[in-house]
Amino acid sequence: MADEKPKSLGVWPTVKPFVNGGASGMLATCVIQPIDMIKVRIQLGQGSAGEVTRNMLKNDGVGAFYKGLSAGLLRQATYTTARLGSFRILTSKAIEANDGKPLPLYQKALCGLTAGAIGASVGSPADLALIRMQADATLPLAQRRHYTNAFHALYRITADEGVLALWKGAGPTVVRAMALNMGMLASYDQSVEFFKDSLGCGEAATIVGASSISGFFAAACSLPFDYVKTQIQKMQPDAAGKYPYTGSLDCAMKTLKAGGPFKFYTGFPVYCVRIAPHVMMTWIFLNQIQKFEKTVGL
């Protein structure tokens, strides 16, 4: 009878990695949102991290740092739920196919690439809403969209531009997510093994160290794609109705021509500072959620 108890949970074992992933991502976002807001303003050319912070506090107050939080939470509820859940399902299936043996690094990287693509496809509408809400205050008053929350933004985008507009910039979003997850997941397991086996670190030190390393590689791999994605999603037509870029490749080539390769790494310190703690806190929250589930028998 005891062996049959888990079966009574029904679909919970299947949805559990998705629920856990989404919850941990949303909790991490609540902490990281102010840094993310500063990163977007830097990419939009509003100055250094210090200048952006001072201007935001002076002009809009503390609430400006949480502009677009509803969209950020919606993005985690879709994107992170899908990517972490998919990654756990994919790795479990791969381990089964590998006769229960640990996966080599390249297979984990492939699972991360696939999970990132799935998550980004699901979360692209929320990501578009988040970018637009964060960039709205930087536009001239006549061009501001005045979205009140994430769902209002999604409704307005659908009503004004059509349903397919929700996936504007989805191409670079998916590519960025694939690069980020490959960098994050491929380096994380290796770092955990290094800190645990080679250095003999405890659980807390291992999580902090491995998450910081994986966060750095996630940032380094994904920032160029993030920069292009941001430029595509926030662009507006000129008086003649023409957009500054025809697509992601056009944006990348014009950026490269105008500012060189380092232009893609605009705001890298802030971006890295945002990515690494988010990765770290996501793992910490996920670990705590899993411990809690064990104590209540889930």
Side-chain angles (χ1 to χ4, degrees), residues 22 25-26 29 33-34 36-46 52 55-56 59-61 63-83 116-177 222 225-255 266-267:
M26 291 173 75
T29 292
Q33 179 68 15
D36 191 40
M37 188 69 192
I38 294 171
K39 182 266 296 183
V40 170
R41 295 277 183 108
I42 290 173
Q43 287 185 332
L44 296 178
Q46 296 214 330
V52 168
N55 290 335
M56 288 174 67
N59 299 329
D60 303 304
F65 292 97
Y66 286 92
K67 183 76 172 178
L69 177 61
S70 61
L73 292 176
L74 179 61
R75 180 178 182 271
Q76 293 300 317
T78 52
Y79 167 62
T80 300
T81 297
R83 69 169 176 141
I118 293 172
S121 299
V122 174
S124 187
D127 190 59
L128 175 63
L130 174 62
I131 292 294
R132 288 197 177 184
M133 290 179 71
Q134 290 179 329
D136 203 44
T138 69
L139 299 173
L141 192 61
Q143 296 181 13
R144 294 184 185 179
R145 300 180 175 95
H146 301 291
Y147 299 139
T148 57
N149 55 57
F151 295 102
H152 179 236
L154 294 175
Y155 170 77
R156 283 275 307 280
I157 293 170
T158 302
D160 298 343
E161 306 171 45
V163 175
L164 293 181
L166 293 172
W167 280 270
K168 181 180 289 184
T173 298
V174 170
V175 173
R176 172 196 176 269
S222 65
F225 303 102
D226 183 80
Y227 183 87
V228 171
K229 174 182 70 70
T230 300
Q231 299 303 312
I232 292 293
Q233 289 182 328
K234 66 98 177 179
M235 68 179 180
Q236 291 218 6
D238 57 20
K242 184 178 180 181
Y243 285 96
Y245 309 114
T246 58
S248 301
L249 182 59
D250 182 54
C251 177
M253 295 305 295
K254 287 181 178 178
T255 300
T266 300

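The chain is numbered in sequence order, starting from 1.
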Is there side-chain contact between T29 and T80, with heavy atoms separated by less than 4.5 Å?
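No, every pair of side-chain atoms sits at 4.5 Å or beyond.
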
Going from [atom1] on [X] to [atom2] on [Y], what distance comes out if it is rounded to the nearest 0.5 angstrom?
X    : Y    : atom1 : atom2 : result
L164 : T158 : CG    : OG1   : 10.0 Å
L249 : K254 : CG    : NZ    : 11.0 Å
D160 : Y155 : CG    : OH    : 8.5 Å
N149 : L74  : CG    : CG    : 10.0 Å
F65  : M37  : CZ    : CE    : 9.0 Å
I157 : W167 : CD1   : CH2   : 11.0 Å

Which residues pass the side chain to side chain contact (heavy atoms under 4.5 Å, CB included) test with [X], sequence neighbours left out?
X    : result
A77  : M26
S121 : V174
T81  : F18
F225 : V175, R176, A179

Minimum heavy-atom separation for [X] to [Y], with atom names?
X    : Y    : value
G116 : A177 : O-CB, 3.3 Å
L154 : P125 : CD2-O, 3.5 Å
T78  : A126 : OG1-CB, 4.1 Å
L128 : A165 : CD2-O, 3.1 Å
Y147 : H152 : CA-ND1, 3.4 Å
A129 : A153 : CB-CB, 3.9 Å

Pairs where residues 117-133 contributes a residue and the test salt bridge (charged side-chain N to carboxylate O under 4.0 Å, His left out) is met, not counting sequence neighbours
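Residue pairs passing salt bridge (charged side-chain N to carboxylate O under 4.0 Å, His left out), neighbours aside: R75-D127, D127-K229, R132-E161.
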
Side-chain donor/acceptor pairs under 3.5 Å, residues 239-246, sequence neighbours excluded:
none

Is there a donor-acceptor pair under 3.5 Å between the side chain of N59 and the backbone N or O of N55?
yes

